[in-house]
Enquirer: 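The structure is given below, and queries will be raised subsequently.
Every heavy atom of this structure was used, including side-chain atoms; hydrogens, water molecules and symmetry mates were not. Throughout, residue positions are numbered sequentially from 1 according to the sequence presented.
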Amino acid sequence: MNVKNFIVGGIVGGIADFLMGWLLYGMLLKDFFPKPEGSGAENVTFIFLGCMCYGFMMSFIFNQGEGISKCVPGVKLAIGIGLFMSLAMNFFYNMYSDTINWQLVAVDVLVSVAIASVMGAVIAVANGKMK
């Protein structure tokens with residue numbers, strides 16, 4: 001694994017995740033998703049750190065073996081990662097719910113896959129530029 005590609009890909013992927021999340025969840029869909037009961041203000045530091053962890057996870061996967069350095073293969077792999085990650089997180093999030101709002105789950109999965117696809121494109125292009 002190329003460590004430089006991993007680090008740069010993780011950083012740009014995490015920043016892309018943070019910015020896309022801010023745009024989609026924070027601006028466009030902020031009134032669509034209900035806030036949990038008893039929740040205070042969001043801690044942007046933890047949101048950013050979570051985004052960076054996701055970026056580094058995806059960069060790690062992209063840099064295994066030959067490494068993904070083209071946009072289309074990056075988007076395809078990221079769609080798979082985003083789909084299964086978002087499904088898993090939604091299932092865990094709803095495990096104690098008596099009723100599940102499947103519309104919220106579907107929208108969250110679609111938005112998560114869209115964000116992941118942008119992350120995949122950015123990480124793959126960054127990997128390609130450093131070859």
Side-chain angles (χ1 to χ4, degrees):
M1 178 171 71
N2 186 328
V3 175
K4 181 174 78 170
N5 284 15
F6 165 68
I7 292 172
V8 172
I11 291 170
V12 298
I15 291 171
D17 183 23
F18 183 79
L19 293 174
M20 288 296 296
W22 168 77
L23 176 66
L24 295 175
Y25 287 115
M27 300 300 286
L28 298 176
L29 298 169
K30 70 178 177 182
D31 296 328
F32 185 76
F33 289 99
K35 290 191 182 219
E37 291 182 29
S39 66
E42 294 90 13
N43 189 329
V44 178
T45 303
F46 284 121
I47 294 171
F48 182 75
L49 291 173
C51 291
M52 294 306 291
C53 287
Y54 193 26
F56 277 102
M57 181 198 72
M58 197 170 297
S59 181
F60 179 80
I61 293 168
F62 276 39
N63 282 292
Q64 292 300 307
E66 295 178 26
I68 293 180
S69 58
K70 295 199 184 306
C71 188
V72 173
V75 170
K76 287 180 180 178
L77 180 58
I79 286 172
I81 294 168
L83 175 67
F84 291 112
M85 283 291 297
S86 62
L87 284 171
M89 295 311 297
N90 273 283
F91 292 147
F92 287 135
Y93 180 75
N94 286 297
M95 71 180 171
Y96 288 118
S97 298
D98 293 331
T99 60
I100 297 173
N101 186 337
W102 290 104
Q103 181 182 15
L104 285 178
V105 171
V107 170
D108 185 52
V109 168
L110 290 174
V111 171
S112 296
V113 168
I115 291 172
S117 67
V118 170
M119 289 175 63
V122 169
I123 293 169
V125 169
N127 285 343
K129 297 282 184 190
M130 291 187 289
K131 276 193 169 186

Enquirer: Table please: side-chain donor-acceptor pairs of residues 84-92 below 3.5 Å, with sequence neighbours left out.
Expert:
from  : atom 1 : to     : atom 2 : distance (Å)
Ser86 : OG     : Gly82  : O      : 2.8
Ser86 : OG     : Leu83  : O      : 3.0
Asn90 : ND2    : Ser86  : O      : 2.9
Asn90 : ND2    : Asp108 : OD2    : 2.6

Enquirer: Verify side-chain contact (heavy atoms from CB on, under 4.5 Å) between Val44 and Phe18, making sure each step is shown before the conclusion.
Expert: CA-CA 10 Å; Val44 178; Phe18 183 79; 3.8 Å; yes
Enquirer: Work out which heavy atom in Val122 is nearest to a heavy atom in Ala16; give both atom names and the distance.
Expert: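 Closest approach of Val122 to Ala16, heavy atoms only: CG2-CB, 4.2 Å.
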Enquirer: If hydrophobic clusters are built from ILVMFWY residues whose side chains come within less than 4.5 Å, do Leu28 and Val111 share one?
Expert: yes
Enquirer: Which residue pairs pass the side chain to side chain donor-acceptor pair (under 3.5 Å) test with at least one member in residues 45-61, sequence neighbours excluded?
Expert: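 Passing the test, one end in residues 45-61: Ser59-Asn63.
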Enquirer: Heavy atoms only: give me the nearest Ser117-Val75 pair and the separation to one decimal.
Expert: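 Nearest pair, atom of Ser117 first, then Val75: O-CG2, 3.6 Å.
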Enquirer: Do Ile68 and Val113 share a hydrophobic cluster, counting only Ile, Leu, Val, Met, Phe, Trp and Tyr and linking them when any side-chain heavy atoms are less than 4.5 Å apart?
Expert: no
Enquirer: Just checking Tyr25 against Phe32, ring centres under 6.0 Å apart?
Expert: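 No, the ring centres sit 6.0 Å or more apart.
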Enquirer: Write down the atom of Val125, the atom of Cys71, and the distance for their closest heavy-atom approach.
Expert: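 Reported closest heavy-atom pair: CG2-CB, 4.2 Å.
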Enquirer: Please test Leu24 against Met27 for side-chain contact (heavy atoms from CB on, under 4.5 Å), starting from the C-alpha separation and ending with a verdict.
Expert: CA-CA 6 Å; Leu24 295 175; Met27 300 300 286; over 6 Å; no
Enquirer: When hydrophobic residues are tied together by side-chain contacts of less than 4.5 Å, even through go-betweens, does Met52 share a cluster with Met58?
Expert: no
Enquirer: Are Phe6 and Phe56 side-chain neighbours, meaning at least one heavy-atom pair lies under 4.5 Å?
Expert: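 Answer yes - side chains close enough.
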Enquirer: Can you list everything that forms a side-chain contact (heavy atoms from CB on, under 4.5 Å) with Leu19? Sequence neighbours excluded, please.
Expert: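 Only Ile15 meet the side-chain contact (heavy atoms from CB on, under 4.5 Å) criterion with Leu19.
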Enquirer: Answer with yes or no whether the hydrophobic clustering places Met95 together with Ile100; edges join I, L, V, M, F, W, Y residues whose side-chain heavy atoms lie under 4.5 Å apart.
Expert: no
Enquirer: What is the minimum heavy-atom distance between Cys51 and Asp17, and which atoms define it?
Expert: CA-OD2, 3.3 Å
Enquirer: Kindly indicate whether the side chain of Ile81, heavy atoms from C-beta on, has any atom under 4.5 Å from the side chain of Met57.
Expert: yes
Enquirer: Are Ile61 and Val72 in one and the same hydrophobic cluster, where Ile, Leu, Val, Met, Phe, Trp and Tyr link if side-chain heavy atoms are under 4.5 Å apart?
Expert: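 Different clusters.
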Enquirer: If every non-hydrogen atom of Gly120 is compared with every non-hydrogen atom of Ala78, which pair is closest and at what distance?
Expert: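 For Gly120 versus Ala78, the nearest heavy atoms are CA-CB, 3.6 Å.
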Enquirer: Tell me whether the count of non-hydrogen atoms from other residues, nucleotides or ligands lying under 6.0 Å of CZ in Phe33 goes above 12.
Expert: yes
